[in-house]
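This report refers to the structure that appears directly beneath it.
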Amino acid sequence: MNLSLNGEWALRGRSPQGETLSLTAQVPGNVELDLFRAEIEPDPYYGAYEYLYKPYEYWDWTFEKTIFVPEAFAARPARLCFEGLNCIADVFVNGEKIGHSENALIPHVFPCGSALRPGSENVVRVEIHSALLHAARQDFPVHACGGERSDEYVRLRMPPHSFGWDITPRFPSAGMWRGVTLEIVPKTELTQTYYVTRSVNERRAEVLFKYRFRTEETNFRGMRVRIYLDGQMVADDPVRFVSGEGSFAVSNPRLWWPRGYGEANLYEVRMELLKDGEVVSSRSERIGLRTVDIRHKMAPGDEGEFLITVNGCPILAKGSNWVPMDAFHSRDAERYDRAVELFAEAGCNIMRLWGGNVYEDHRLFDLCDEKGIMVWHDFCMACALYPQSPDFLQLMYEEASVIIRRLRNHASIILWAGDNEVDAAYTWHGISPAENRYNAVTREALPCAVRENDPHRLFLPSSPYIDGGVAPHLVPEQHNWGPRAYFKDDFYKQNPAHFVSECGYHGCPAPESLKKFIPEAELWPMRMDGAWAAHNSDYLLEGFRRGYDRNELMANQVRILFGSVPDTLDEFALLSQITQAEAFKFFIENTRIRKWRRTGIIWWNMIDCWPQISDAVVDWYYTKKLAFDVIARIQVPVCVMLDELEAWSHRVILGNDSREGGTVQYRLIDADTNEVLLEGERESPANENIELGEIRVFAGQQRMILIEWAYGGKRYTNHYMTGFPSFRAEDARRWYARLKEWSK
């Protein structure tokens with residue numbers, strides 16, 4: 001029996017100076033949203049109002065709720081379950097302390113013991129203390145330091161981005177950001193299930209299973225484990241202990257494939273634990289039958305390798321980074337479905353869950369399982385040098401173990417990575433990259449957690465993983481940011497990465513979106529202070545600026561491509577979006593054309609977590625920038641593309657990123673004259689690129705080439721802007737208008 005404690009709670013706040021507030025909180029929720037709902041503070045996502053919330057980082061908060069607990073709870077012990085408790089918290093039932101937590105990223109379960117009074121009203125109180133002040137009281141060795149001058153987050157198990165990032169506002173929140181339930185503890189319950197496809201082909205799959213359970217039984221006679229796959233019993237084994245394992249075979253299996261390579265088939269699996277023929281505990285899940293191998297060879301240049309294979313088939317990975325869905329994580333789940341649909345619509349077959357975030361809930365992984373989107377999963381650490389003390393190593397081992405056990409049966413998850421850019425952070429702080437081999441968090445604690453809880457998945461110590469024996473700019477998997485200048489600079493064209501796991505380019509939100517979060521008086525011209533700076537996450541009012549201004553960078557990227565910055569908002573937004581679209585197009589097509597020397601790109605990023613100026617191709621309001629449609633056209637499994645100019649010509653490449661071949665009819669024309677530049681028909685071999693021919697051009701001539709092809713009974717389109725910058729704005733406007741009509 002479960003009793004939900006979600007909904008309204010009484011909330012009291014107290015500052016270090018003795019100021020107090022009383023209001024109503026929502027659970028799941030965040031205190032900033034409670035302050036906004038109570039009209040104590042204005043909308044934190046509008047203008048520069050985010051700065052008004054800075055003082056609350058030092059406050060303590062008390063949540064209280066009175067609940068009636070049914071008499072049924074008297075029969076068995078009870079526990080309070082918090083799915084997300086942010087962060088330094090003490091939990092009381094009827095005035096008796098039953099638990100303490102210091103980790104916002106994992107669930108917490110506290111036995112109620114004798115504190116609970118069934119058959120009457122009970123008072124549940126949660127006291128959440130200032131995380132910032134808690135961190136300030138900790139020992140900080142000089143080695144431990146955070147990104148963007150936020151050392152506090154390396155001592156707090158909270159989402160790193162909540163202390164301010166270039167893509168998020170600073171809101172080190174407090175609250176119960178996921179649900180709370182009161183549960184009766186069963187006499188016997190399955191606590192762990194584990195399914196692994198050990199081998200697979202079109203005729204047969206071998207599946208290993210393991211289980212763990214907790215019980216008050218004093219002997220295990222008469223206990224059995226049964227497993228049903230899509231309702232058919234595939235295993236029936238006697239139980240000898242509270243743990244066990246076995247295997248079963250599946251004939252003619254329906255395999256799980258990444259998007260574009262086949263169907264993402266799933267099976268319903270149910271494990272039952274029986275005592276004397278009666279089911280005493282069960283757990284139902286969905287699994288996919290597939291094998292994953294990642295060939296990772298840490299060597300410089302062409303000698304290195306980073307290649308994903310699924311069911312023995314090499315996969316060209318094309319996808320986007322998953323960043324926070326909302327700066328206030330109590331609202332994350334509301335955005336899952338629409339966000340994942342964007343990934344599917346854009347033709348993504350992979351997403352990387354970025355390490356500056358939280359651990360997402362099952363719903364996200366269910367959607368990825370269904371849609372064939374592979375998941376690269378960072379643990380929640382980013383851009384910092386973390387403590388190396390035994391207590392922190394133990395904390396990270398336990399956190400990782402909880403998350404791995406919770407998520408490991410999802411077919412979509414292909415990789416655990418230790419963190420985001422912590423290996424790289426050594427060089428940022430003037431430390432030799434060879435020293436990162438002493439990072440015991442990612443070289444000892446986390447690999448141990450993966451080996452013990454999910455031994456059949458690859459663990460990558462960091463992203464990018466920088467081995468002391470290979471120079472950072474030569475490792476096989478890289479984050480390609482560099483100077484962020486012209487997107488066809490040699491930095492991008494000649495980059496030696498085999499796999500690019502971050503790469504992006506700015507694009508201005510649509511004017512109608514900007515008007516929703518920037519006050520009219522500040523809307524244009526674009527400013528480097530006020531609301532523009534606030535939504536550029538630049539923290540000018542806190543006296544801090546990072547090494548570059550994102551708004552200035554966005555304007556300069558427009559200036560590179562078009563020679564000047566327009567003097568109206570509508571024109572600026574349009575040219576900025578064209579600039580971004582052309583950059584993403586080059587990054588993705590450069591990966592596809594260099595197949596298999598380059599084996600994947602996970603670009604940055606799909607959608608914003610708040611209204612802002614960013615690299616996202618869809619803004620906070622779900623308004624798509626021009627880059628989204630361009631990406632969707634070039635991430636289709638079979639695509640016709642133009643390579644970069646060489647010796648008077650562009651090679652025309654037919655790329656096939658699928659397990660099926662077929663006939664392709666293609667035609668390339670000049671967007672202005674309709675002159676046919678190349679046409680024909682060719683067989684497209686499965687999972688290979690071929691050259692269709694060449695288009696001769698003069699280097700200084702600026703043109704748009706429109707591309708169309710027919711494959712599998714459908715028409716597809718693409719384009720290419722040839723020539724060197726600066727382009728004329730009127731040409732780009734005309735070409736993109738023609739492209740819109742061409743692609744209908």
Side-chain angles (χ1 to χ4, degrees), residues 160 256-261 264 288 290-296 298 305-310 314-325 339-340 343-344 346-360 364-369 371-383 400 403-404 406-424 442 446-447 449-450 454 456-466 475-480 497-504 587-588 591 598-607 635:
W256 186 92
W257 288 99
R259 195 170 190 84
Y261 284 83
R290 91 288 184 273
T291 59
V292 176
D293 178 57
I294 300 178
R295 288 182 272 183
H296 183 206
M298 183 60 75
E305 186 176 27
F306 198 102
L307 174 65
I308 299 169
T309 65
V310 176
I315 305 295
L316 190 79
K318 306 184 294 289
S320 182
N321 280 267
W322 178 275
V323 302
M325 283 293 96
V340 175
F343 276 74
C348 296
N349 62 23
I350 192 169
M351 70 166 59
R352 171 175 170 256
L353 303 192
W354 173 66
N357 196 8
V358 295
Y359 299 110
E360 303 291 5
L364 172 63
F365 301 95
D366 288 341
L367 291 167
C368 290
D369 291 345
K371 296 182 182 299
I373 298 173
M374 301 179 290
V375 172
W376 167 318
H377 201 307
D378 288 358
F379 290 106
C380 289
M381 294 185 291
C383 302
I403 297 305
I404 295 167
R406 186 180 179 92
L407 300 176
R408 63 191 172 191
N409 289 330
H410 286 282
S412 52
I413 299 176
I414 64 166
L415 166 69
W416 300 108
D419 57 57
N420 172 77
E421 295 182 355
V422 171
D423 275 11
T442 57
L446 293 181
V450 174
D454 196 7
H456 300 279
R457 275 191 182 90
L458 176 72
F459 172 75
L460 188 70
S462 186
S463 178
Y465 170 40
I466 300 174
V475 295
E477 173 251 334
Q478 297 184 26
H479 294 184
N480 285 177
H498 290 264
F499 194 106
V500 176
S501 41
E502 285 189 17
C503 189
F587 297 152
I588 296 167
T591 296
R598 181 161 288 175
T599 54
I601 180 169
I602 308 177
W603 37 270
W604 191 279
N605 64 302
M606 181 62 76
I607 186 169
Q635 287 197 159

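Values below: every heavy atom of this structure, side chains too, minus hydrogens, waters and symmetry copies. Because the structure is a prediction, the values reported are computed rather than measured.
Arg259 places no side-chain N or O within donor-acceptor distance of the main-chain N or O of Gly347, the cut-off being under 3.5 Å. Put simply, the side chain of Arg457 gets close to the backbone of Ile413: a donor and an acceptor are under 3.5 Å apart. Listed for the Trp376 side chain is no donor-acceptor partner under 3.5 Å among the backbone atoms of Ala417.
The minimum heavy-atom distance linking Asn605 with Asn321 is given by the pair CB-O, 3.7 Å. Annotation for Cys380 and Pro160: closest pair O-CG, 4.3 Å, computed over non-hydrogen atoms.
For the side chain to side chain contact (heavy atoms under 4.5 Å, CB included) test with Leu307, the passing option among Ile294, Ile315, Thr599 is Thr599; the others fail. A side chain to side chain contact (heavy atoms under 4.5 Å, CB included) with Ile308 is found for one member of Asn349, Leu316, Ile350 and no other, namely Ile350. Of the residues listed (Trp416, Trp322, Trp354), the one engaging His377 in a ring-ring contact (aromatic ring centres under 6.0 Å, His included) is Trp416, and it is the only one. Partner of Phe306 under the side chain to side chain contact (heavy atoms under 4.5 Å, CB included) criterion, out of Glu477, Met298, Gln478: Glu477 alone.
Trp256 is listed as a side-chain neighbour of Ser412, based on a closest heavy-atom distance under 4.5 Å. Side-chain contact between Val375 and Leu364 is absent, with no heavy-atom pair separated by less than 4.5 Å. In this structure, the side chains of Gln635 and Ile588 come closer than 4.5 Å at one or more pairs of heavy atoms. Residues Cys368 and Met351 are in side-chain contact: their nearest non-hydrogen atoms beyond the backbone lie under 4.5 Å apart. Looking at Ser501 and Tyr465, their side chains never come closer than 4.5 Å, going by heavy atoms from C-beta outward. With a 4.5 Å cut-off on side-chain heavy atoms, Leu446 and Met381 count as touching. When side chains are defined from C-beta on, Phe587 does not count as touching Asn480, because their heavy atoms never get closer than 4.5 Å. At least one side-chain heavy atom of Ser320 sits under 4.5 Å from a side-chain heavy atom of Phe343.
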Inset, instruction - Begin from the C-alpha positions of Lys318 and Thr591 and carry the test side-chain contact (heavy atoms from CB on, under 4.5 Å) through to its verdict. - result: CA-CA 9 Å; Lys318 306 184 294 289; Thr591 296; 5.9 Å; no

Inset, instruction - Could you please spell out the steps behind the side-chain contact (heavy atoms from CB on, under 4.5 Å) verdict for Tyr359 and Leu353? - result: CA-CA 8 Å; Tyr359 299 110; Leu353 303 192; over 6 Å; no

Inset, instruction - Quick one: do Thr291 and His456 satisfy side-chain contact (heavy atoms from CB on, under 4.5 Å)? Show the steps, please. - result: CA-CA 9 Å; Thr291 59; His456 300 279; over 6 Å; no

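Residues Ser463 and Asn420 have side chains that never bring a donor and an acceptor to within less than 3.5 angstrom of each other. A donor atom on one side chain and an acceptor atom on the other are found under 3.5 Å apart for Ser462 and Asp419.
Rounded to the nearest 0.5 angstrom, Glu502 CD and Glu421 CD are separated by 5.0 Å. Taking CG from Asp454 and CZ from Phe459, the interatomic distance works out to 12.0 Å, rounded to the nearest 0.5 Å. In this structure, CG on Asn409 lies 12.5 Å from CZ on Phe365, to the nearest 0.5 angstrom. A distance of 5.5 Å separates CZ of Arg295 from OG1 of Thr309, quoted to the nearest 0.5 Å. Distance check, rounded to the nearest 0.5 Å: NE2 of His296 to CG of Leu460 gives 6.0 Å. From Arg352, atom CZ reaches atom CG of Asn357 across 11.0 Å, with rounding to the nearest 0.5 Å.
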